[in-house]
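The basis for the numbers below is simple: all heavy atoms, side chains too, and nothing from hydrogens, waters or symmetry mates. Bear in mind the structure is a predicted one, so any value in this text is a computation, not a measurement.
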Amino acid sequence: MTKRIFDVIFSLIVLFFIWPILLISAIMIRLTMGSPVFYNRQRPGYLEKLFTIYKFRTMTDACDQNGNLLPDDLRITPVGAFIRKYSIDELFQFVNVLKGDMALVGPRPLLIQYLPLYSEHQRLRHAVKPGITGWAQINGRNSLSWSAKFELDVWYVAHQSFWLDMKIVILTVVRVLKRDGINAEGCATMPVFDGKN
């Protein structure tokens with residue numbers, strides 16, 4: 001209950017102060033990439049229940065001659081790169097927190113197609129609500145291997161506390177300002193999880 005109350009109050013305060021950033025970002029995305037401005041996709045949340053996650057769009061839908069999407073690094077626009085660099089694309093997820101689909105702190109919500117690939121140990125990451133930030137995000141973010149990221153997620157589930165959440169929130173601000181671990185090595189975003197890496 002304490003976590004939920006803090007999540008709601010913190011999210012309301014943050015949204016009150018960042019709404020100009022959200023508005024400017026939405027306008028810039030609309031002008032440079034067109035519609036839609038948001039990237040709304042289904043993600044597995046608490047106990048693997050699906051919910052819609054809200055993010056700012058950072059890539060175009062450019063395809064090759066066969067109709068397949070081009071690699072991420074070819075679809076990310078300059079505006080999208082800036083938005084990702086400062087994690088602005090994640091800010092609209094405070095709305096997900098207010099709705100109760102997410103928490104401020106928890107394992108990041110991943111793709112639905114990864115669900116059958118998890119081991120029973122990795123599946124424990126869904127024993128709590130997914131978060132805007134988490135233990136893995138302050139310990140390497142996208143520069144981590146998938147196995148390392150899942151180990152950190154499960155560690156958080158076993159050790160979660162209000163004070164650990166406070167530590168993660170503070171360190172997240174530091175990591176965002178330093179722009180650490182935004183991309184995996186050799187990738188514009190993060191390589192696809194195949195159940196092995």
Side-chain angles (χ1 to χ4, degrees), residues 6-45 50-63 69-112 129-144 149 165 168-185 187-192:
F6 176 80
D7 284 355
V8 170
I9 293 174
F10 187 90
S11 297
L12 287 172
I13 292 172
V14 170
L15 286 170
F16 176 80
F17 284 105
I18 68 170
W19 72 263
I21 297 175
L22 299 178
L23 178 60
I24 293 170
S25 298
I27 292 172
M28 292 304 298
I29 292 169
R30 181 68 175 84
L31 291 175
T32 59
M33 284 182 268
S35 295
V37 169
F38 296 104
Y39 172 86
N40 302 331
R41 291 292 185 274
Q42 292 279 291
R43 291 286 188 269
L50 299 184
F51 72 98
T52 301
I53 192 171
Y54 306 112
K55 297 178 69 171
F56 277 125
R57 185 175 168 217
T58 59
M59 293 185 278
T60 69
D61 295 323
C63 297
L69 286 174
L70 294 174
D72 290 351
D73 59 336
L74 298 179
R75 294 189 294 123
I76 294 177
T77 66
V79 169
F82 179 87
I83 287 174
R84 287 180 56 83
K85 182 178 181 180
Y86 293 98
S87 298
I88 297 172
D89 56 323
E90 311 287 354
L91 294 179
F92 219 81
Q93 288 166 41
F94 284 105
V95 174
N96 283 118
V97 175
L98 292 179
K99 288 180 61 181
D101 296 324
M102 294 177 63
L104 285 177
V105 179
R108 287 293 296 158
L110 301 175
L111 300 177
I112 296 174
K129 286 184 181 180
I132 293 178
T133 186
W135 190 237
Q137 277 58 52
I138 65 167
N139 284 287
R141 200 175 174 184
N142 287 342
S143 64
L144 296 168
K149 185 179 294 188
D165 283 3
I168 292 172
V169 169
I170 293 170
L171 290 177
T172 295
V173 175
V174 175
R175 296 292 189 274
V176 168
L177 293 177
K178 292 175 65 179
R179 304 188 295 280
D180 285 343
I182 294 174
N183 303 323
E185 185 176 353
C187 297
T189 52
M190 185 74 187
V192 174

How close do [X] and [Y] get, heavy atom to heavy atom, and via which atoms?
{"X": "N96", "Y": "T52", "result": "ND2-O, 2.8 Å"}
{"X": "R43", "Y": "I53", "result": "CG-CG2, 3.6 Å"}
{"X": "G45", "Y": "F51", "result": "CA-CE2, 3.7 Å"}
{"X": "L144", "Y": "A136", "result": "CD1-O, 3.6 Å"}
{"X": "I83", "Y": "D89", "result": "CG2-N, 3.2 Å"}
{"X": "P109", "Y": "P44", "result": "CB-O, 4.2 Å"}

(message) Show, in sequence, the C-alpha distance, side-chain angles and deciding distance for L50 and I112, and conclude whether the side-chain contact (heavy atoms from CB on, under 4.5 Å) test is met.
(response) CA-CA 8 Å; L50 299 184; I112 296 174; 3.9 Å; yes
(request) Decide yes or no on side-chain contact (heavy atoms from CB on, under 4.5 Å) for V97 and V8, but give the supporting numbers first. (result) CA-CA 7 Å; V97 175; V8 170; 5.8 Å; no
Would you check if [X] and [Y] make a side-chain contact, meaning some heavy-atom pair closer than 4.5 Å?
{"X": "I24", "Y": "I27", "value": "no"}
{"X": "F10", "Y": "V169", "value": "yes"}
{"X": "T77", "Y": "T58", "value": "no"}
{"X": "L31", "Y": "V79", "value": "no"}

(message) For the backbone of M33 and the side chain of R57, can you confirm whether one donor and one acceptor N or O come within less than 3.5 Å of each other?
(response) yes
(message) Tell me if a side-chain donor or acceptor on R75 pairs with a main-chain N or O of M59 at a distance below 3.5 Å.
(response) no
(request) Would you list the pairs meeting salt bridge (Lys or Arg N to Asp or Glu O under 4.0 Å) in which at least one residue belongs to residues 97-110, sequence neighbours left out? (result) E90-R108, K99-D101
(message) Over 60° means perpendicular and under 30° means parallel, so tell me whether F38 and F56 are parallel, tilted or perpendicular.
(response) parallel
Find the distance between [atom1] ([X]) and [atom2] ([Y]) and round it off to the nearest 0.5 Å.
{"X": "R175", "Y": "I168", "atom1": "CZ", "atom2": "CD1", "answer": "11.0 Å"}
{"X": "T133", "Y": "I170", "atom1": "OG1", "atom2": "CD1", "answer": "12.0 Å"}
{"X": "I9", "Y": "L104", "atom1": "CD1", "atom2": "CG", "answer": "11.0 Å"}
{"X": "L171", "Y": "W135", "atom1": "CG", "atom2": "CH2", "answer": "7.5 Å"}

(request) May I have the step-by-step check of side-chain contact (heavy atoms from CB on, under 4.5 Å) for L15 and L22, ending in yes or no? (result) CA-CA 9 Å; L15 286 170; L22 299 178; 4.0 Å; yes
(request) List for me each residue that meets salt bridge (Lys or Arg N to Asp or Glu O under 4.0 Å) alongside D7, sequence neighbours excluded, and say none if there are none. (result) none
(request) Please assess F94 against L12 for the test side-chain contact (heavy atoms from CB on, under 4.5 Å), listing each intermediate value before the final yes or no. (result) CA-CA 8 Å; F94 284 105; L12 287 172; over 6 Å; no
(request) Among residues two or more places apart or on two chains, list those pairs meeting side chain to side chain donor-acceptor pair (under 3.5 Å) that have a residue in residues 16-31. (result) R30-S35
